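All values reported here derive from a predicted model rather than from experimental measurement. FYI, side chains are in, hydrogens and waters are out, and symmetry mates aren't considered; it's all heavy atoms of this structure.
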Amino acid sequence: MRVLIAPDKFAGTLTAVEAAAAIEEGWRRRDPDAEVLVAPMADGGPGFIDVLEAVVDGTLLSVTVRGPLGHEVPATVLLAGETAYVETAQACGLHLVEPKERRPEDASTYGVGQLIAAAVDAGAKRIVLGLGGSGTNDAGAGLLAALGATATGGDLAAGAAGLAGLSEVDLEPARSRAAGIEFVAASDVENPMLGLRGATNIFGTQKGITDDRKPEVDGWLTRFAELAGRKTADAKGAGAAGGLGYALLLLGAERVSGIDLVADLTGLRDKAGRVDLVLSGEGAFDFQSRDGKVIAGVAKVANDAMRPCVVLAGKVLIGSREMRTMGVESAYSLVDAVGEERAFADPHGSLAAVAERVARTWAR
């Protein structure tokens with residue numbers, strides 16, 4: 001039996017690399033002679049660097065940058081020749097702020113700009129940024145401020161609230177700092193930055209922006225866009241990571257699919273063609289899994305290779321009809337199999353146990 005294991009992270013419990021190891025351990029209990037290929041996955045959000053470090057021949061540069069609310073946080077840049085890989089969530093991720101302390105209108109992407117500056121200073125000529133899991137909604141103004149952009153009537157480094165009174169924005173210092181650098185924004189979010197489908201209205205709730213505040217916050221971003229480049233705000237992906245995509249597009253970034261980029265770097269397509277079964281997984285297999293997320297991407301690759309795809313997840317919140325529409329043959333829930341308490345107390349052991357159960361059905 002030849003098996004490809006290609007999970008996403010199980011948010012809050014296991015990284016994608018750890019999840020892949022647990023699945024392999026469980027599978028081998030039932031099928032010790034299996035040929036197992038491993039390709040941990042990410043879509044650009046948290047875990048992006050962790051996954052790429054395993055497949056890219058490079059070195060990690062450790063830096064300290066501003067977190068979303070100004071406190072210092074550790075981060076890394078993966079350097080591979082003249083290419084640098086940056087996980088923006090390390091500097092502006094929602095996970096960096098405790099729920100009771102979240103102030104999304106004040107959260108800034110300044111630390112992401114510091115990561116870019118560190119990559120440039122290290123000699124990078126091409127910077128690939130994974131976007132996702134952000135706790136910010138500042139249109140990337142903080143990033144631009146860290147690279148030298150200035151403003152009158154507001155503070156680009158003070159989150160969305162800092163954009164409220166803007167009367168003038170000068171991006172030229174930031175563009176000069178980034179001159180000659182090729183930027184790649186890896187994200188599967190295609191939303192524009194403004195309006196009903198924009199960053200604030202679609203993704204603001206999960207960051208803590210209440211419905212009654214959304215019109216004013218979207219208005220702040222609109223004002224910034226009117227001064228910095230209104231047309232770019234309507235581009236696909238400008239709304240990614242609370243508008244971080246917009247700032248990168250202003251710097252000339254190319255937007256690519258995060259899952260496709262990781263699939264290319266991990267050799268996912270080649271591996272899928274060499275196995276009998278593809279296993280993927282994530283913390284919650286739900287309707288959001290359809291929209292450019294890891295499982296949807298892995299299932300597509302498996303289907304293109306005419307291989308069945310099976311999902312292991314902390315929770316399965318999607319029906320069989322929807323699964324098959326995505327190209328997933330079957331899904332198994334840790335919570336259903338071992339109970340919620342054990343699933344969270346021992347995620348590695350629980351995932352291994354479910355993988356062993358899957359092998360009983362699928363191994364031949």
Side-chain angles (χ1 to χ4, degrees), residues 2-29 31 34 36-55 87 130 132-133 188 258-269 271-272 275-286 288-290 292-303 305 307-318 323 326-338 343-344 346-359 362:
R2 296 167 298 175
V3 181
L4 170 59
I5 300 173
D8 194 358
K9 65 188 177 301
F10 281 58
T13 57
L14 296 170
T15 68
V17 173
E18 292 167 343
I23 294 170
E24 180 176 5
E25 177 186 316
W27 185 278
R28 288 195 182 280
R29 290 176 191 165
D31 185 15
V36 176
L37 303 180
V38 176
M41 299 299 294
D43 60 7
F48 184 65
I49 292 296
D50 184 53
V51 166
L52 294 189
E53 184 189 3
V55 295
E87 180 182 313
D188 291 287
I259 184 64
D260 286 350
L261 182 140
V262 175
D264 289 343
L265 290 171
T266 58
L268 185 71
R269 293 175 181 84
K271 291 175 179 176
V275 299
D276 305 301
L277 175 68
V278 177
L279 300 176
S280 191
E282 64 178 342
F285 184 30
D286 56 21
Q288 292 187 23
S289 303
R290 301 175 302 176
K293 301 298 184 180
V294 164
I295 287 181
V298 172
K300 182 180 185 305
V301 169
N303 279 258
R307 302 297 192 269
C309 179
V310 172
V311 168
L312 293 76
K315 295 181 179 180
V316 175
L317 304 171
I318 191 169
M323 285 183 210
M326 292 174 59
V328 174
E329 289 290 326
S330 186
Y332 297 78
S333 163
L334 273 67
V335 169
D336 290 347
V338 304
F344 281 95
D346 180 19
H348 179 100
S350 300
L351 183 54
V354 173
E356 181 179 5
R357 183 174 301 185
V358 172
W362 289 89

Over all heavy atoms of both residues, which pair between [X] and [Y] is shortest? Give the atoms and the distance, please.
X    : Y    : answer
F10  : E282 : CE2-O, 3.3 Å
V328 : A299 : CG2-CB, 4.0 Å
V298 : A6   : CG2-O, 3.7 Å
A20  : P40  : CB-CG, 4.1 Å
P46  : G133 : CD-CA, 4.0 Å
A343 : V338 : N-CG2, 3.9 Å

Tell me, please, which residues at least two apart from D260 pass salt bridge (charged side-chain N to carboxylate O under 4.0 Å, His left out).
R269

Applying salt bridge (charged side-chain N to carboxylate O under 4.0 Å, His left out) to K300 and not counting sequence neighbours gives D304

Between L14 and L351, is a side-chain contact (heavy atoms from CB on, under 4.5 Å) present by the stated rule, with each step listed?
CA-CA 10 Å; L14 296 170; L351 183 54; 3.8 Å; yes

Test side chain to side chain contact (heavy atoms under 4.5 Å, CB included) applied to [X] - qualifying residues, sequence neighbours left out:
X    : value
T266 : A39, M41, V51, V55, V262, L268
A302 : V278, C309
A305 : A272, R307
A54  : none

Just jot down the side chain to side chain donor-acceptor pair (under 3.5 Å) partners of [X], sequence neighbours excluded, or say none.
X    : result
K315 : none
D276 : R2, R364
N303 : none

What's the spacing between I5 CD1 and I23 CD1 if we round to 0.5 Å?
6.0 Å

Taken to the nearest 0.5 Å, the spacing of F285 CZ from S333 OG works out to 11.5 Å

Verdict with supporting geometry, L279 and W27, side-chain contact (heavy atoms from CB on, under 4.5 Å)
CA-CA 10 Å; L279 300 176; W27 185 278; 3.8 Å; yes

Please list all pairs passing the salt bridge (Lys or Arg N to Asp or Glu O under 4.0 Å) test where one or both residues lie in residues 4-27, with sequence neighbours left out.
E24-R28, E25-R29

Would you confirm whether S280, through its side chain, and V311, through its main-chain N or O, come within 3.5 Å as a donor-acceptor pair?
no

Check step by step if side-chain contact (heavy atoms from CB on, under 4.5 Å) holds for F48 and L261.
CA-CA 11 Å; F48 184 65; L261 182 140; 4.1 Å; yes

